[in-house]
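To start, the structure itself, in structure tokens.
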Amino acid sequence: MSQVMGTSVSRKDGRAKVMGTATYAAEHQIPGLVYGYLVTSAIANGSIKVIDTSEAEQSPGVLAVFTHQNAPKICPPTNDFMNSKIYEARLPLADNRIHYGGQNIGLVVADTFERAREAAHLVKVDYDVQPPVVDKDRATYQEAPPFFGESMTFEKSSSSSGDVDTALSKADIKIEAIYTTSMEHHAPMEPHGIIAHWQTPDSVTIYEPTQWVFGSQRTYGELLGLSAEQVHIVTPYIGGAFGCKAFPWPHAILCAAAAKEVQRPFKVVVSRRQMTANTGHRSATEQVIRLGASRDGKLTAISHEVKSATSPVDIFTEPCTSVTPVIYATPNLRLQQDLAVMNVGTPTFMRAPGDNPGMWALESAMDELASALQLDPVELRLRNETQAHQRRGLPFSAKHFADCLKVGAERFGWQARPLKSRSLTREGLLVGWGMAAATFPGLRSRASVKVRLLSDGTAHILTAGNDMGTGAYTVVAVTAAEILGLPVEKIRVEMGDSNLPDGGMAGGSQMTTTLAPAVMAACQAVLKTAEVSTAQQAFEKLHQLQHNAFEATATTAPGQEGKQFAFQSWGAHFCEVTVDEEIGRLQVTRWLSVMNVGRVVNAKTAASQVRGGVIMGISQALMETGHLDPNSGYPVVSDLTTYHIAAHADIPRIDVTFVGEPDLNFNPLGARGLGEIGIVGVAAAIANALYHATGKRLRELPITPDKLIV
Ligand code: MOS
């Protein structure tokens with residue numbers, strides 16, 4: 001390996017984004033474009049008695065108004081997570097039923113955006129109103145019936161090993177507590193939007209931010225009665241996704257189908273307020289944790305019971321218990337996930353789904369246990385480390401969790417931390433130090449990459465895998481530069497288009513682990529094709545032969561390694577907070593994250609990904625909360641003014657350190673995922689620091705000032 005891998009390389013796409021030349025989906029300029037505006041339900045449960053579109057249809061510039069009475073033709077897709085997938089199993093405008101506030105009930109098409117919006121407000125609806133269930137305490141916890149076809153990946157589940165109840169009753173120390181998280185919104189900078197352009201009755205181009213180019217291509221093909229090849233997906237840039245842009249939402253399905261009927265290129269952008277209701281969120285959770293431990297700080301039992309909510313029209317379970325068998329050893333383990341059906345839009349994946357709220361609860365409880373034992377929280381975690389996945393019985397590969405804890409403690413100066421709460425003060429404020437562990441599964445999929453060595457002395461790397469803002473363009477370039485022996489500047493990367501080879505999904509922290517092995521293989525293949533060992537030699541040969549290019553494509557996929565090892569990334573967060581109890585003000589003043597992610601491909605974007613996760617975690621811990629009106633069921637937090645997210649002033653300097661070696665059992669590059677692990681454990685580290693500062697244990701997120709005032 002040469003000079004580039006592991007150094008700090010600036011983003012390949014940075015200049016285009018700063019200059020405004022990076023074109024996002026809704027910004028594509030297409031002659032003859034017409035505009036849509038969604039009509040959404042003002043009630044959360046019931047049905048439409050009468051929907052009167054006559055005034056809207058007469059409004060200037062209006063071309064069409066779609067409702068359930070004249071819905072465009074949409075075919076039910078397979079809706080299988082491995083092939084094609086839609087977020088919400090009920091097809092848009094399927095009937096007159098209303099399942100949640102903000103559900104799409106109509107779509108106006110007009111020659112300008114403003115005229116479409118004006119007409120949308122002229123649609124009159126007479127509802128049969130039923131009381132909505134939007135309070136999880138009033139919802140019934142039961143197995144939700146799948147709306148149709150395959151249900152979402154995570155369902156209600158329960159499992160148990162050993163004898164948890166006996167172990168808990170016999171434990172020297174027992175912790176039992178309920179931890180809650182709020183409904184959270186992804187709130188990406190780029191709103192949801194789509195342009196559908198039918199070139200012929202049998203071919204359509206779709207400009208939409210999607211984390212899964214080939215999945216989208218197949219899904220739209222099924223929805224629109226086309227073959228996958230008849231659908232062209234264009235998504236070179238995504239302005240934030242975090243899980244909410246992996247599959248088509250109802251508005252997008254509607255846009256693509258309606259575009260065919262109006263026979264014009266057609267754009268629908270969802271307003272920030274509408275997005276809050278109908279493009280996913282992270283469900284609120286309620287988690288009961290019971291820990292049993294011996295006097296010497298060894299866990300004897302863990303019980304983790306979770307309730308989350310889903311919509312009446314699809315199943316999504318926030319999988320909080322997936323992390324529990326991974327992080328600590330225990331002979332007695334009980335996991336349970338329950339699901340409530342509420343009149344709320346369908347929840348979905350949001351950065352570290354399950355792992356994030358799950359570790360909030362577990363790492364808070366571990367801190368409570370450390371206090372009860374009068375044991376240092378880092379030491380408690382070291383004593384309970386597990387070398388094997390407790391459910392699957394497989395050893396972890398290249399695990400350096402203990403190093404994360406030890407290096408973190410060392411660099412943070414943790415040994416100076418007094419065990420007792422309310423021991424530290426500074427300038428009239430209480431000071432606390434807290435920590436929490438982090439982990440996230442190492443995932444990887446199949447990918448294909450094409451590489452061209454061009455006679456102008458550049459290399460061109462092509463794949464449909466994409467960059468949702470994570471740094472994938474740069475990671476691909478760095479990997480190619482390394483194999484080809486070229487400077488990064490000589491590498492051109494093209495991504496996010498279904499005309500390119502299938503590059504897998506940008507989700508589950510797996511774009512680097514999926515793409516980089518294929519980039520390596522394709523670069524090695526092109527050198528072999530040219531019968532040279534460096535790109536420079538290939539360029540010289542191109543001149544001699546008067547050829548334009550050497551080209552090769554490679555496909556790589558996981559093998560049998562998953563049967564031998566469990567793969568996880570690991571980390572530890574250390575933080576300092578100050579608290580002013582008089583005004584209920586908590587500030588995070590210092591942060592250190594130590595991560596073990598296998599090989600670091602690009603130090604700059606890797607640290608950046610972890611920082612992004614920490615920032616999102618601080619935001620979750622202190623601010624983020626979605627509310628549903630208890631009477632109407634409509635989201636009352638509806639824009640970036642009312643949905644509070646962290647700003648620069650809320651965020652301290654964030655130090656990020658990596659430990660460990662490449663995980664070569666996982667893939668030939670040795671990289672594991674790092675896009676999501678940064679957020680895992682952050683909220684617990686803050687609550688634990690708050691406890692250290694004040695002696696007050698908060699178990700409900702977010703930790704807002706009202707909860708801090710004494
Ligand atoms: Mo993510 S929640 O895997 O986009």
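The analysis underlying the following values was restricted to heavy atoms, covering all of them including side chains, and did not include hydrogens, waters or symmetry mates. Residue numbers run from 1 in the order of the sequence given. Atoms within each ligand, like the ligands themselves, are counted from 1 in listed order.
Here the two rings, on Trp591 and His573, have centers that are under 6.0 Å apart.
Remark: side-chain polar atoms of Asp497 are not paired, donor with acceptor, to backbone N or O of Val234 under 3.5 angstrom. For the pair Asn343 (side chain) and His99 (backbone), a donor-acceptor distance under 3.5 Å is present.
Enumerated by chain and number, the residues approaching ligand 1 to less than 4.0 Å through a heavy atom are Gln211, Phe242, Gly243, Phe349, Met350, Arg351, Pro353, Met468, Gly507, Gly508, Glu676.
Tyr87 and Phe247 have perpendicular rings, their planes meeting at more than 60° on a 0 to 90° scale where under 30° would count as parallel. Using cut-offs of 30° and 60° on the angle between ring planes, the pair His185 and Tyr643 is perpendicular. Below 30°, between 30° and 60°, or above 60°: for Phe349 and Phe316 the angle between ring planes is above 60°, a perpendicular geometry.
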